[in-house]
Amino acid sequence: MVCRPGHENNPLEKIRHTCAHVMASAVQELYPGTKVTIGPVIEDGFFYDFDVARPFTPEDLAKIEAKMAEIIKRNLPLEKQVMSRQEAIELFRQKQEKYKVEIIEGIADAEPISCYRHGEWLDLCKGPHVTRTGEIKAFKILHAAGAYWRGDEKRERLQRIYGTAFESQKELDAHLNKLREAEARDHRRLGQALDLFSTMEEDGAGLILWHPKGGRIRKVIEDFWRDAHVKGGYEIVFTPHVARRDLWKTSGHLDFYQDYMYAPMDLEGVQYQLKPMNCPFHIKIFKTSLRSYRDLPLRWAELGTVYRYERSGVLHGLLRVRGFTQDDAHLFCQPSQLESEIMQVLDFNLNMLRTFGFTEFEIYLSTRPDKSVGSDENWELATGALKGALEKKGIRYEVDPGEGVFYGPKIDMKIKDVLGRSWQCSTIQIDFNLPERFDLEYVADDGSRQRPIMIHRALLGSLERFFGVLIEHYAGAFPTWLAPVQAIVMSITDAQEPFAREVHAALKQAGIRVDLNVRSDKLGSKIRESEMQKIPYMIVIGKKEVEQQTISVRSRRKGDLGALAVADFLPQMLKEIDEKTC
RNA sequence: GCUGGCGUAGCUCAGCUGGUAGAGCAGCUGAUUUGUAAUCAGCAGGUCGUCGGUUCGAUUCCGACCGCCAGCUCCA
């Protein structure tokens with residue numbers, strides 16, 4: 001039983017920690033014979049894993065919650081008890097708590113062993129805790145799930161119960177609200193409600209169908225992305241989905257990535273394989289001619305669709321799929337250009353993400369792992385370049401020691417959405433391995449052959465995942481520049497149909513993605529439908545509007561904006577779209 | 001992949017201990033001509049995830065598979 005390192009004395013952590021104990025004691029009171037394992041405090045609460053005869057049902061959870069309330073009401077004091085290692089082992093062996101014995105056996109000799117007791121119930125625990133169970137003012141059991149002892153699927157299957165606790169009911173309610181809000185924003189739910197995409201389910205799990213409305217958004221993203229890249233000094237390339245197995249042998253993917261690759265297919269006796277990455281193709285383009293130092297840096301970008309085998313249990317909507325399109329790019333440069341290239345990528349990336357409405361980022365620099373290729377000086381050069389670029393840009397970051405890829409260090413950027421959740425999207429990786437494997441060269445100014453440095457980078461990560469994140473970030477209410485339907489023209493009675501069609505045509509002509517609703521429904525119903533489809537602008541045409549040749553504009557966000565001339569409204573709307581305001 | 005839960009109409013869901021299914025929304029048709037989040041009526045829609053087993057009979061019980069969900073693990 002542990003608090004998160006560095007958070008031990010946080011009052012909330014103590015409450016949650018004690019709450020986990022209370023939960024475990026409640027479980028053992030209700031279900032004798034259950035063995036306890038571990039139950040740490042986690043970011044938004046805590047969990048406890050039990051070895052229990054049968055899985056917990058929702059009814060069990062309700063009972064456990066009631067029992068916990070009872071234990072809290074007893075207001076039992078929490079008492080710390082320090083003992084010797086031998087005493088502790090004996091105590092838990094006697095209680096037949098084999099997991100606890102295993103934990104104690106793993107604790108270093110020098111460390112004191114402590115237990116915390118409330119009432120009759122005692123748990124091996126470092127502490128600290130609140131002083132009495134009555135200090136837990138607000139808690140909630142969330143759900144149960146399976147887990148494994150020590151996270152190892154070969155070991156005992158356990159049942160985990162997640163819960164959370166707060167210092168006040170008000171804070172707990174706020175947190176539960178946030179969970180509900182997150183559920184309402186779930187991109188899988190919104191994807192269906194807004195007719196954006198579906199997953200193929202029985203025809204291929206983890207494969208995405210982009211419906212027309214999702215397709216519109218994707219097109220906007222892709223057009224913007226390509227434009228930005230061309231302006232940013234990139235060239236756009238296109239590469240195939242399959243290649244001969246030999247390519248993957250040379251690239252090393254068959255050695256280190258095979259588990260994620262689909263089985264080879266046989267074409268006229270030659271083995272081909274679906275691509276899990278785009279890089280070898282970009283390298284092949286590099287190798288089609290002799291490159292001069294004058295050509296460098298080369299920046300090649302591709303929206304490249306890759307296929308990776310993911311275990312069935314990890315698939316999740318758009319966020320974890322088996323086929324996805326990376327917004328990939330590879331930069332080939334001289335060592336001296338590395339830092340400035342990284343700086344440029346950082347700027348480019350942040351600008352792009354900000355355009356999509358993300359303002360907060362978590363940035364990590366991952367350094368050399370234990371197992372790696374490349375020389376010490378290369379690692380030093382590359383890590384120094386990444387660090388230097390971050391620092392020169394004044395970007396705050398954390399170092400993830402040893403978390404780099406075996407072929408080079410990297411910068412990962414996570415974006416934070418409105419609910420404060422972070423999502424891994426961007427990655428900038430330096431690669432010493434592939435240039436070596438493919439024997440890449442350029443001719444330097446002194447005529448010698450030099451090896452370029454290669455940078456892999458993806459900004460949005462994958463279009464699928466990024467789309468999922470966008471949906472959740474905006475709760476489906478996309479800013480006008482991204483919205484699949486930007487405006488809808490609706491008539492109040494059939495009499496206004498001709499003018500409504502006229503307005504519709506005018507907007508369409510101006511390049512607005514506009515729909516028309518001239519059905520003989522009441523206005524309220526048309527508004528409701530449009531609101532539910534989260535269309536930014538609703539344009540109402542009634543008798544008055546026809547007479548005055550105006551339109552009444554209702555904004556999804558601001559409500560009724562009153563009557564305007566089309567000639568006044570249209571430039572406003574076009575400006576909003578052009579500026580990509582969120 | 002593993003653990004647990006689940007799979008009924010396009011969607012959300014009901015259907016007691018086995019006797020071949022029902023609602024709301026959406027769709028279609030008609031009526032209605034409506035002023036800022038739901039007008040009314042009618043019609044149509046399902047080999048109850050798939051395959052096998054038990055049974056006189058399976059949506060219901062059993063098994064396998066597929067898929068989804070919560071996690072484990074992993075990741076763009």
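All chains are named by letter (A, B, ...) in the order of the sequence lines, taking the proteins before the strands, and each is independently numbered beginning at 1.
Pairing of U59(B), defined by two Watson-Crick or G-U wobble distances under 3.5 Å, is not identified with any nucleotide.
Comparing the C1' positions of U12(B) and A26(B) gives a spacing of 11 Å, expressed to the nearest Å. Annotation: U55(B) and G7(B) have their P atoms spaced 26 Å apart (nearest Å). Taking atom P on both C43(B) and G4(B), the two are 47 Å apart, rounded to the nearest angstrom.
For I527(A), the side-chain atoms get nearest to A37(B) when compared with the rest of G35(B), A76(B), A37(B). The Q326(A) side chain lies nearest to A76(B) when the options are A76(B), A70(B), G1(B). In the set U3(B), A37(B), C11(B), C11(B) carries the atom at the smallest distance from any side-chain atom of Q192(A). Between U39(B), A70(B), U33(B), one nucleotide has an atom nearer to the side chain of T493(A) than all others, and that is U33(B). Looking at the side chain of Y162(A), the nearest of the listed nucleotides A37(B), G71(B), G67(B) is G71(B). Distance from the side chain of I492(A) is smallest to U34(B) among U39(B), A37(B), U34(B). The listed nucleotides are C68(B), A76(B), C72(B); the one nearest the side chain of R160(A) is C72(B).
Side-chain nitrogen and oxygen atoms of R188(A) include at least one within less than 4.0 Å of the OP1 or OP2 phosphate oxygen of C69(B). Close to C74(B), at under 4.0 Å from its OP1 or OP2, lies no side-chain N or O of H316(A). Residue S520(A) places none of its side-chain N or O atoms closer than 4.0 Å to OP1 or OP2 of U32(B). Contact annotation: R320(A) side-chain N/O to C68(B) OP1/OP2 distance is not under 4.0 Å.
Residue contacts shown for R556(A) are absent, as no nucleic acid heavy atom lies under 4.0 Å away. Residue K543(A) is in base contact, counting any heavy-atom pair closer than 4.0 Å across all strands shown.
Within 3.5 Å, a donor on the side chain of R465(A) pairs with an acceptor on the base of C75(B), or the reverse. With hydrogens and angles ignored, no donor-acceptor pair under 3.5 angstrom links the side chain of Q496(A) to the base of G35(B).
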Step-by-step salt bridge (Lys or Arg N to Asp or Glu O under 4.0 Å) determination, K98(A) to E102(A): CA-CA 6 Å; K98(A) 62 172 185 169; E102(A) 189 179 325; over 6 Å; no
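When every heavy atom of K526(A) is checked against every heavy atom of R519(A), the shortest pair comes out as NZ-O, 2.7 Å. Of all heavy-atom pairs between A500(A) and V518(A), the closest is CB-CG1, 4.2 Å.
Not less than 6.0 angstrom separates the ring centroid of W248(A) from the ring centroid of Y257(A).
Protein atom CD of E310(A) is 16 Å distant from nucleotide atom P of C72(B), rounded to whole Å. Computed from coordinates, the L315(A) CG to C68(B) P distance equals 6 Å when rounded to whole Å. Distance, Y260(A) OH to C74(B) C1': 5 Å, rounded to whole Å. Rounded to whole Å, the distance from CD on E403(A) to P on A76(B) is 12 Å. Atom CG of L194(A) is separated from atom P of C11(B) by 16 Å (rounded to the nearest Å).
Between E181(A) and R185(A), at least one side-chain N (NZ, or NE/NH1/NH2) sits under 4.0 Å from a carboxylate O, which counts as a salt bridge.
Mapping F324(A) and D494(A) onto RNA chain B by nearest heavy atom places D494(A) closer to the 5' end of the strand. Residue E545(A) is the one, among G204(A) and E545(A), whose nearest nucleotide of RNA chain B lies closer to the 5' end (criterion: closest heavy atom).
A cation-pi arrangement, defined by a distance under 6.0 Å to the six-membered ring centre and an angle within 45 degrees of its axis, is present between R160(A) and F47(A).
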